[in-house]
Undergrad: 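Structure in structure tokens, see below.
Throughout, protein chains are lettered first and strands after them, A, B, ... in sequence-line order, and every chain is numbered starting at 1. What you see below is based on every heavy atom in this structure, not just the backbone, and it leaves out hydrogens, waters and symmetry mates.
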Protein chains: 2
Amino acid sequence: MTTPRWLSDDELTAWLRLRAVTMLLPAAIDGQLKRDSGLTEFEYYVLAMLSDASDRRLTLSDLASRTNSSLSRLSHVVRRLGEAGWVTKATCPDDGRSTFAVLTDAGMALVESAAPGHVEEVRRRVFDTLSDAEREGLSVALERILSTLDPAHHLTRDID
Amino acid sequence: MTTPRWLSDDELTAWLRLRAVTMLLPAAIDGQLKRDSGLTEFEYYVLAMLSDASDRRLTLSDLASRTNSSLSRLSHVVRRLGEAGWVTKATCPDDGRSTFAVLTDAGMALVESAAPGHVEEVRRRVFDTLSDAEREGLSVALERILSTLDPAHHLTRDID
DNA sequence: AATCATTAGTTGAACCTTCAACTGACATCA
DNA sequence: TGATGTCAGTTGAAGGTTCAACTAATGATT
């Protein structure tokens with residue numbers, strides 16, 4: 001390694017801000033969901049993905065790639081969601097290795113009750129603070145950053 | 001709660017990108033540090049804060065607020081860093097309740113060896129993908145978002 | 001000086017994620 | 001059809017964070 005190219009003042013400022021947002025924003029979003037619905041952000045998105053899927057079901061592998069989770073993590077979480085009555089499992093007729101996670105009616109009701117508060121929190125924390133031009137500037141820059149972090153756009157294709 | 005104001009298409013796009021970056025960027029930064037130095041990002045920043053402090057020491061409370069950590073988390077981590085020989089503790093003469101965490105020579109050497117690779121990773125993941133204008137757009141928008149998440153700017157005042 | 005509230009820090013249990021090892025099903029290819 | 005490799009998912013242990021309860025020291029109030 002040659003002598004490192006340290007960050008310029010402007011870069012350092014941007015980096016500290018980016019770092020602060022990546023720490024504080026997920027905590028704020030998670031906190032609202034926990035307080036108002038007893039769900040972690042991850043659990044909420046698992047249920048939300050299922051609520052939007054056809055027949056309210058997805059294989060664990062599909063869910064894992066949509067939520068950027070390991071299969072192991074998802075397996076543990078789906079078991080807990082199952083114990084709570086929000087998700088059940090079903091065999092996949094096309095492939096004996098796959099297992100569907102299926103959203104129950106109770107799970108659907110939970111997502112639907114949690115969604116408005118979640119969206120409000122996203123608005124409050126992000127979009128209420130930004131002008132249209134600022135939002136566009138943010139969006140463009142994030143897209144650039146994602147070009148190396150998620151080149152296949154796995155995490156930005158799906159609905160909320 | 002009245003009928004929720006759902007996100008517009010542009011807002012949804014920006015939100016998915018912001019969410020993706022908050023998930024993937026810390027994982028990428030953390031991964032590089034773990035691979036090359038055996039440190040988590042949190043441990044690295046604890047040591048980095050100490051390396052920059054006068055007499056290489058800070059009270060745990062001060063460290064906690066600079067790293068956005070709970071005192072409990074920090075207490076556990078400082079114990080582990082102490083077992084590894086990178087940090088020691090010292091009593092605070094001004095206030096018998098406070099305890100200094102002090103960076104050892106070995107800890108200083110570790111931070112100095114880890115810093116270049118870390119900065120390179122930040123460059124590669126963030127600034128190499130952005131034009132100056134894009135970086136500015138990002139920085140401005142993040143600053144707006146932080147106005148409600150961290151109004152006192154606790155996390156953006158300190159050095160890297 | 002005695003009391004009460006607050007601040008600094010520690011500790012152990014509970015919880016979640018990661019990791020590695022494992023089972024079972026499908027695919028490939030001889 | 002048998003052997004081998006890969007894919008889907010599970011499991012239990014290990015490691016880190018959170019939470020609540022705790023100790024000890026300081027500050028404030030009388």
Side-chain angles (χ1 to χ4, degrees), chain A residues 22-24 26-35 38-47 49-50 57-84 86-102, chain B residues 22-24 26-35 37-47 50 57-84 86-102:
Chain A
T22 61
M23 298 187 135
L24 299 176
I29 298 294
D30 206 71
Q32 181 276 326
L33 279 170
K34 269 227 190 78
R35 273 193 310 280
L39 291 171
T40 64
E41 206 244 2
F42 181 67
E43 292 166 338
Y44 172 80
Y45 272 90
V46 166
L47 300 179
M49 289 295 171
L50 290 176
R57 73 190 56 204
L58 291 169
T59 66
L60 294 193
S61 290
D62 195 349
L63 249 184
S65 82
R66 292 180 197 231
T67 57
N68 188 42
S69 133
S70 68
L71 218 33
S72 172
R73 178 188 189 186
L74 189 61
S75 179
H76 287 298
V77 168
V78 165
R79 179 181 46 72
R80 292 194 290 267
L81 294 175
E83 288 166 3
W86 297 320
V87 164
T88 57
K89 288 184 184 173
T91 61
C92 176
D94 298 342
D95 188 331
R97 291 170 299 183
S98 295
T99 308
F100 282 127
V102 187
Chain B
T22 61
M23 297 186 136
L24 299 175
I29 299 295
D30 206 70
Q32 181 277 325
L33 280 170
K34 268 223 189 82
R35 273 194 312 279
S37 312
L39 290 171
T40 65
E41 205 244 4
F42 181 68
E43 291 166 339
Y44 172 80
Y45 272 90
V46 166
L47 299 180
L50 291 175
R57 74 189 57 205
L58 291 169
T59 65
L60 294 193
S61 290
D62 195 348
L63 249 185
S65 82
R66 291 179 197 233
T67 56
N68 188 42
S69 132
S70 68
L71 218 34
S72 172
R73 178 187 189 186
L74 190 61
S75 178
H76 288 298
V77 167
V78 166
R79 178 180 47 70
R80 292 195 290 268
L81 294 175
E83 288 165 2
W86 297 320
V87 165
T88 57
K89 288 185 184 173
T91 61
C92 177
D94 298 343
D95 188 330
R97 293 169 297 182
S98 296
T99 307
F100 282 126
V102 186

Undergrad: Check every strand shown and say whether B/Leu60 touches a base, only sugar-phosphate, or nothing at a heavy-atom separation below 4.0 Å.
TA: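 If one applies the 4.0 Å heavy-atom cut-off, B/Leu60 turns out to touch the sugar-phosphate alone, with no base involved.
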Undergrad: Can you confirm whether B/Arg80 sits close enough to B/Val77 that some side-chain heavy atom of one is under 4.5 Å from a side-chain heavy atom of the other?
TA: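 SC-SC contact between B/Arg80 and B/Val77 confirmed.
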Undergrad: A/Asp30 CG to C/dC16 C1': how many Å, rounded?
TA: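 Computing the A/Asp30:CG to C/dC16:C1' distance gives 12 Å.
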Undergrad: Could you check whether any side-chain N or O of B/Ser65 sits under 3.5 Å from a backbone N or O of B/Asp62, counting only pairs where one atom can act as donor and the other as acceptor?
TA: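 It does hold such a pair.
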Undergrad: With side chain to side chain contact (heavy atoms under 4.5 Å, CB included) as the test, would you mind laying out the steps for B/Leu74 and B/Phe42 before giving the verdict?
TA: CA-CA 9 Å; B/Leu74 190 61; B/Phe42 181 68; 4.1 Å; yes
Undergrad: As a quick check of understanding, evaluate side chain to side chain contact (heavy atoms under 4.5 Å, CB included) for B/Leu50 and B/Val102, giving each step before the final call.
TA: CA-CA 7 Å; B/Leu50 291 175; B/Val102 186; over 6 Å; no
Undergrad: In sequence, state the C-alpha distance, the side-chain angles, and the governing distance for B/Leu33 and B/Thr40, and then conclude on side chain to side chain contact (heavy atoms under 4.5 Å, CB included).
TA: CA-CA 6 Å; B/Leu33 280 170; B/Thr40 65; over 6 Å; no
Undergrad: Given the rule in the side chain to side chain contact (heavy atoms under 4.5 Å, CB included) test, do B/Tyr44 and B/Ser37 qualify, once you have shown the distances and angles that lead to the verdict?
TA: CA-CA 9 Å; B/Tyr44 172 80; B/Ser37 312; over 6 Å; no
Undergrad: Measure CZ/A/Phe100 against C1'/C/dA25 and give the value in whole Å, please.
TA: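 Spelled out: CZ on A/Phe100 to C1' on C/dA25 is 16 Å.
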Undergrad: What's the CG-P distance between A/Leu71 and C/dT23, to the nearest Å?
TA: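 Atom-to-atom, A/Leu71 to C/dT23, this comes out as 17 Å.
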Undergrad: Does A/Lys89 have a side-chain nitrogen or oxygen under 4.0 Å from the phosphate oxygens OP1 or OP2 of D/dT10?
TA: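 The answer is yes; a side-chain N or O of A/Lys89 sits under 4.0 Å from OP1 or OP2.
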Undergrad: Find the distance A/Arg66:CZ to D/dA8:C1' and express it as a whole number of Å.
TA: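 Taking CZ of A/Arg66 and C1' of D/dA8, I get 17 Å after rounding.
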Undergrad: Less than 4.0 angstrom between a side-chain N/O of B/Ser98 and OP1 or OP2 of C/dT7, yes or no?
TA: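 So the side-chain polar atoms of B/Ser98 never come under 4.0 Å of the phosphate oxygens OP1 or OP2 of C/dT7.
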Undergrad: Classify every nucleotide of nucleotides 13-29 of chain D by which part a protein heavy atom approaches to under 4.0 Å, writing B for the base, S for the sugar-phosphate alone and - for neither, in 5'-to-3' order.
TA: ---SBBB-----BS---
